[in-house]
Amino acid sequence: MRLIFSGNDYKYEIEAIMKLFLPAQRFNFSYDEKNQTFEEDFAFIRKKVTKKHTLLYVIVQIGADRRKHSIRISANADDNECEMQLSRLLYCGMSELTGISSKWGVLTGVRPVKQIHRLIDEGLDEDEIFNLLQAKYFVAPDKCKIAYNTALTQKPILEKIKQTQNKAFGLYISIPFCPSRCSYCSFISQSASGTAVKKLIPTYIENLCAEIKHTGKIIEKLGLKANTVYFGGGTPTTLSAQQLKRIMNTISESFDLSYVTEYTIEAGRPDTITEDKLATILENGCTRISINPQTLNDNVLEQIGRNHTATQFFNSFRLAREVGFTSINTDIIAGLPTDTTDSFKYTVDELVRLAPESITVHTLSIKRSARLNSKADKKSIMKNPASEMVDYATSRLYENGYKPYYLYKQKNMIENLENIGWVKPGHESLYNILIMEEVQTIIALGANGSTKLIDNDGGRLERVYNYKYPLDYNNNFEIMLDRKKRIEEFYAKE
């Protein structure tokens, strides 16, 4: 399909709206002052400014069917207003042509809860916020409620962070290795089963520890204090107990951890979990872990390439409790290939029975770099009961005392749904709130680490990227260390 822009270049947002209706399609782009005729399907997005007004209109054609929507607004309207109005017009046209509607309407951004915080800060009450979201953005009532409740859960935590921030930061450690690669995965994690990767890991750990020490000296000089530590990946527990212990010891030797209130390690794959690893990470400061089944249907697990069973998950969860973990998160995914509504309900019900402190409900996202995107029938993937699954999880988790505490959306998510972290009160992951709401610096170390530097007023945000792949990380290590100067330069402007 071709997207034709006239008098504007709102490519990013317009493409995001189109993907709500055609998630698996690639688009061609043209920039032309006239509405040309094309043999292929097209959307024509026009902005024309005159002395009296700004004319915005959209023409969408799919096959022989065509829709046109237009509006006149002030000649002084800024780009944000014009972009929003064109998005609304395009949404209406595409919805009429396809019969599809999105519960998030034209809110295509990653962090819809930020909109709620902004509206609360402007003094709007719950009814006013719901009315605005529905009228301006076409957001469905149930999504208004989930976003609003998430903001309410976050608000006292965010206010406390602002009061006590004093140069606080979160520390992220990347372990980009997994026992095998899941079919839906788009992360840069590498399977540790191959000989080449096994040889790569010792050098990676050596360099990671060197980066930790190097960055620790910078942080000490700046007087920054860590309040969270988070090991992600990949699957950190792909490493041995001794390797994990070495990295954790290096962190405690390089950073002042006396202010840390939460230390998370993703033990995501049950097939990597042993009593030795759990005991080691608990003894060395970890207070919270994730054990992620994604589904408790063995057939689905096999379909998506996770080389473990539901029984292994149950055994790993029990073992973590026996070792002494009192804060456990579990991840599940709605919309996995071959999963059914009944099977998903079983997964949710079993997790509720286990009563982990938090349950994260993801929705399948069809990423270009995932194996699933290249081999699966995309149409059948998109026509699955993900929305019904998410609705069931929402109902059951509310019923059992869980609250939504962080929420984010990704590109190419089935039915434009979302990922939601649900939690028992008092077990909210501070790191997850910080990374989603972008209110505090996150120092990220290891391959594919993306450091986010945020000033105390939240007015400046700068990023420092590490090399993406472990081999590049190892081969360009000195260059990457040199980039850490940007941390000092950022805080020198404070």
Side-chain angles (χ1 to χ4, degrees), residues 146 150 178 182-187 232-233 235 237 264 266-273 288-318 320 327-367 370 372 381 384-410 413-415 417-424 427 429 432 436:
I146 201 80
T150 302
C178 283
C182 302
S183 63
Y184 55 79
C185 182
S186 64
F187 290 108
T235 306
T237 44
T264 300
E266 291 187 358
R269 290 280 292 263
D271 46 333
T272 67
I273 294 174
R288 179 179 180 274
I289 58 172
S290 286
I291 306 175
N292 305 329
Q294 313 301 18
T295 173
L296 294 177
N297 182 324
D298 284 344
N299 292 330
V300 178
L301 287 169
E302 183 178 358
Q303 176 74 20
I304 63 177
R306 285 180 74 89
N307 299 332
H308 65 82
T309 63
T311 298
Q312 283 179 289
F313 163 75
F314 288 120
N315 290 340
S316 296
F317 190 95
R318 174 184 50 77
S327 186
I328 301 177
N329 171 73
T330 59
D331 282 9
I332 57 175
I333 301 177
L336 288 171
T338 73
D339 204 4
T340 66
T341 301
D342 287 343
S343 171
F344 184 83
K345 288 180 178 180
Y346 169 78
T347 295
V348 172
D349 291 343
E350 285 298 292
L351 290 186
V352 167
R353 181 183 62 80
L354 284 178
E357 284 61 40
S358 56
I359 299 174
T360 306
V361 181
H362 295 271
T363 304
L364 182 65
S365 177
I366 310 299
K367 297 295 187 67
L372 186 63
I381 290 173
N384 72 31
S387 183
E388 186 179 350
M389 293 173 173
V390 169
D391 288 347
Y392 181 80
T394 298
S395 175
R396 289 286 285 136
L397 292 169
Y398 269 133
E399 288 171 3
N400 285 274
Y402 289 88
K403 302 186 303 181
Y405 81 100
Y406 80 103
L407 181 158
Y408 67 101
K409 296 162 76 266
Q410 294 172 271
M413 287 188 116
I414 292 176
E415 298 188 50
L417 291 168
E418 69 286 322
N419 303 322
I420 303 178
W422 294 86
V423 68
K424 292 183 177 180
H427 290 276
S429 168
N432 283 333
M436 279 300 110

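Just so it is clear, the values below take in all heavy atoms, side chains as well, and ignore hydrogens, waters and symmetry mates.
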Classify the side-chain pair Gln294/Asp331 by whether it contains a donor and acceptor separated by less than 3.5 Å.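 Checked: Gln294/Asp331 side chains show no N/O donor-acceptor pair below 3.5 Å.
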Please report the interatomic distance CD1(Ile414) to CE(Met389), rounded to the nearest 0.5 Å.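 Result: 8.5 Å between the selected atoms.
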Enter the distance from Gln303:CD to Asp298:CG here, rounded to the nearest 0.5 Å.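 Interatomic distance, Gln303 CD to Asp298 CG, rounded to 0.5 Å: 13.0 Å.
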Quick one: side-chain contact (heavy atoms from CB on, under 4.5 Å) partners of [X], sequence neighbours excluded?
X	result
Glu357	Arg321, Ser327, Ile328, His427
Thr311	Thr309, Asn315
Asn400	Val352, Arg396, Tyr402

So, applying side-chain hydrogen bond (donor to acceptor under 3.5 Å, both in side chains) with Ser290, which one of Thr330, Asn329, Thr264 is it?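 The residue from Thr330, Asn329, Thr264 that satisfies side-chain hydrogen bond (donor to acceptor under 3.5 Å, both in side chains) with Ser290 turns out to be Asn329.
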Parallel, tilted or perpendicular, as decided by the 30° and 60° cut-offs, for the rings of Tyr406 and Tyr408: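 Parallel.
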State, yes or no, whether a side-chain contact exists between [X] and [Y] at a heavy-atom distance under 4.5 Å.
X	Y	value
Phe313	Leu354	yes
Asp391	Glu388	no
Leu336	Phe344	no
Lys424	Ser358	no

